[in-house]
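Here the structure is laid out as structure tokens; the discussion comes afterwards.
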Amino acid sequence: QVQLVESGGGLVQAGGSLRLSCVASGSIFSINAMGWYRQAPGKQRELVAQITSGSITNYADSVKGRFTISRENAKNTVYLQMNSLKPEDTADYYCNAVVRTAILRLGDYWGQGTQVTVSS
């Protein structure tokens, strides 16, 4: 009984910025980590950024220095600030969370995705 809902995707020109948001809801006891993945057409899904409950972050090499992940634990929300966007950032972006549910089961949950398109 955990749902993740992403928002904030859209169309932006190269060099522009977008901010993605993801809200987790449902039978949540705690969230160990949240992250963002992306999948471009014909490509494998890849990790973009992740953040633990202690705010330890990890980024893909391709986005280091351009993207920033953050979270508001009290709101079960994670953000991805994307700056200096490039056409190669175009993809469907998915929110992921490792969740301890109210019945104390640890699970891996995914949102439905939000589209990001960067034009040249």
Side-chain angles (χ1 to χ4, degrees):
Q1 291 186 282
V2 177
Q3 300 83 39
L4 304 179
V5 180
E6 303 102 331
S7 62
L11 174 65
V12 65
Q13 292 188 2
S17 298
L18 286 173
R19 190 190 193 204
L20 306 183
S21 299
C22 173
V23 180
S25 62
S27 301
I28 298 171
F29 180 78
S30 63
I31 300 178
N32 288 11
M34 300 185 78
W36 291 93
Y37 292 72
R38 67 186 181 188
Q39 187 167 21
K43 302 288 187 179
Q44 295 284 335
R45 186 174 297 187
E46 64 176 350
L47 173 70
V48 178
Q50 62 184 180
I51 186 168
T52 70
S53 60
S55 297
I56 299 172
T57 59
N58 185 39
Y59 296 92
D61 288 341
S62 60
V63 307
K64 286 181 179 177
R66 300 189 296 120
F67 292 9
T68 302
I69 190 170
S70 61
R71 66 187 291 180
E72 296 185 58
N73 291 339
K75 298 181 179 180
N76 292 332
T77 301
V78 65
Y79 306 95
L80 185 67
Q81 179 66 47
M82 305 185 294
N83 298 326
S84 302
L85 283 162
K86 304 175 181 179
E88 50 263 46
D89 295 319
T90 296
D92 291 332
Y93 283 71
Y94 297 89
C95 181
N96 170 261
V98 180
V99 176
R100 180 77 66 178
T101 69
I103 60 171
L104 302 182
R105 195 192 80 174
L106 191 66
D108 194 13
Y109 296 88
W110 294 88
Q112 293 298 114
T114 185
Q115 293 182 350
V116 172
T117 302
V118 184
S119 62
S120 59

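Here, residue 1 is the first one in the sequence, and each next residue gets the next number.
Atom CD1 in Ile51 sits 13.5 Å away from atom CG in Asn32 (nearest 0.5 Å). Here the straight-line distance linking atom OG of Ser27 with atom CG of Leu104 works out to 11.5 Å at 0.5 Å rounding.
Inspection of the Gln81 and Thr68 side chains reveals no N or O donor paired with an N or O acceptor under 3.5 Å.
Under the 4.5 Å side-chain contact rule for hydrophobic residues, Phe67 and Tyr94 do not share a cluster. Hydrophobic cluster membership differs between Ile28 and Val98, with clusters built from Ile, Leu, Val, Met, Phe, Trp and Tyr side chains linked at under 4.5 angstrom.
Across all non-hydrogen atoms, the minimal contact from Ala14 to Ser120 is CB-CA, 4.3 Å. Taking each heavy atom of Leu4 and Cys22 in turn, the nearest pair found is CB-SG, 3.9 Å.
For Gln115, there are no side-chain hydrogen bond (donor to acceptor under 3.5 Å, both in side chains) partners, not counting sequence neighbours.
Counting heavy-atom neighbours within 6.0 Å of Gln39 CD, excluding the residue itself, gives a total above 12. Counting heavy-atom neighbours within 6.0 Å of Arg105 CZ, excluding the residue itself, gives a total of 12 or less.
Using a distance-only test at 3.5 Å, with no hydrogens or angles considered, no donor-acceptor pair links the side chain of Arg71 to the main chain of Gly54. Within the 3.5 Å criterion, the main-chain N or O of Val23 finds no donor-acceptor partner in the side chain of Thr77. A distance-only check finds a donor-acceptor pair linking the side chain of Asn73 to the backbone of Ser53 [under 3.5 Å]. Judged by distance alone, the side chain of Glu6 and the main-chain N or O of Cys95 form a donor-acceptor pair under 3.5 Å. With Arg100 contributing its side chain and Phe29 its backbone, the two residues share no donor-acceptor pair below 3.5 Å. Not one N or O on the side chain of Gln13 forms a donor-acceptor pair closer than 3.5 Å with the backbone of Ser119. Of the possible polar contacts, one joining the Tyr59 side chain to the Ile69 backbone as a donor-acceptor pair under 3.5 Å is found.
Between Leu18 and the options Thr114, Leu80, Leu85, a side-chain contact (heavy atoms from CB on, under 4.5 Å) holds for only Leu85.
Among residue pairs with one or both ends in residues 95-120, those qualifying as ring-ring contact (aromatic ring centres under 6.0 Å, His included) are Tyr37-Trp110; sequence neighbours excluded. The side-chain hydrogen bond (donor to acceptor under 3.5 Å, both in side chains) pairs that include a residue from residues 15-24 are Ser17-Asn83, where partners are two or more places apart or lie in different chains.
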>> Is there a side chain to side chain contact (heavy atoms under 4.5 Å, CB included) between Glu46 and Arg38? Walk through the geometry before answering.
In response: CA-CA 6 Å; Glu46 64 176 350; Arg38 67 186 181 188; 2.8 Å; yes
> What's the verdict on side chain to side chain contact (heavy atoms under 4.5 Å, CB included) for Val78 and Ile31, showing C-alpha distance, side-chain angles and the deciding distance?
Replying inline: CA-CA 11 Å; Val78 65; Ile31 300 178; over 6 Å; no
>> Show, in sequence, the C-alpha distance, side-chain angles and deciding distance for Lys86 and Asp89, and conclude whether the salt bridge (Lys or Arg N to Asp or Glu O under 4.0 Å) test is met.
In response: CA-CA 5 Å; Lys86 304 175 181 179; Asp89 295 319; over 6 Å; no
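Side-chain contact between Leu20 and Val116: present, with at least one pair of heavy atoms (C-beta onward) separated by less than 4.5 Å. Contact annotation: the side chain of Arg45 never approaches that of Asn96 to less than 4.5 Å [non-hydrogen atoms, C-beta and beyond].
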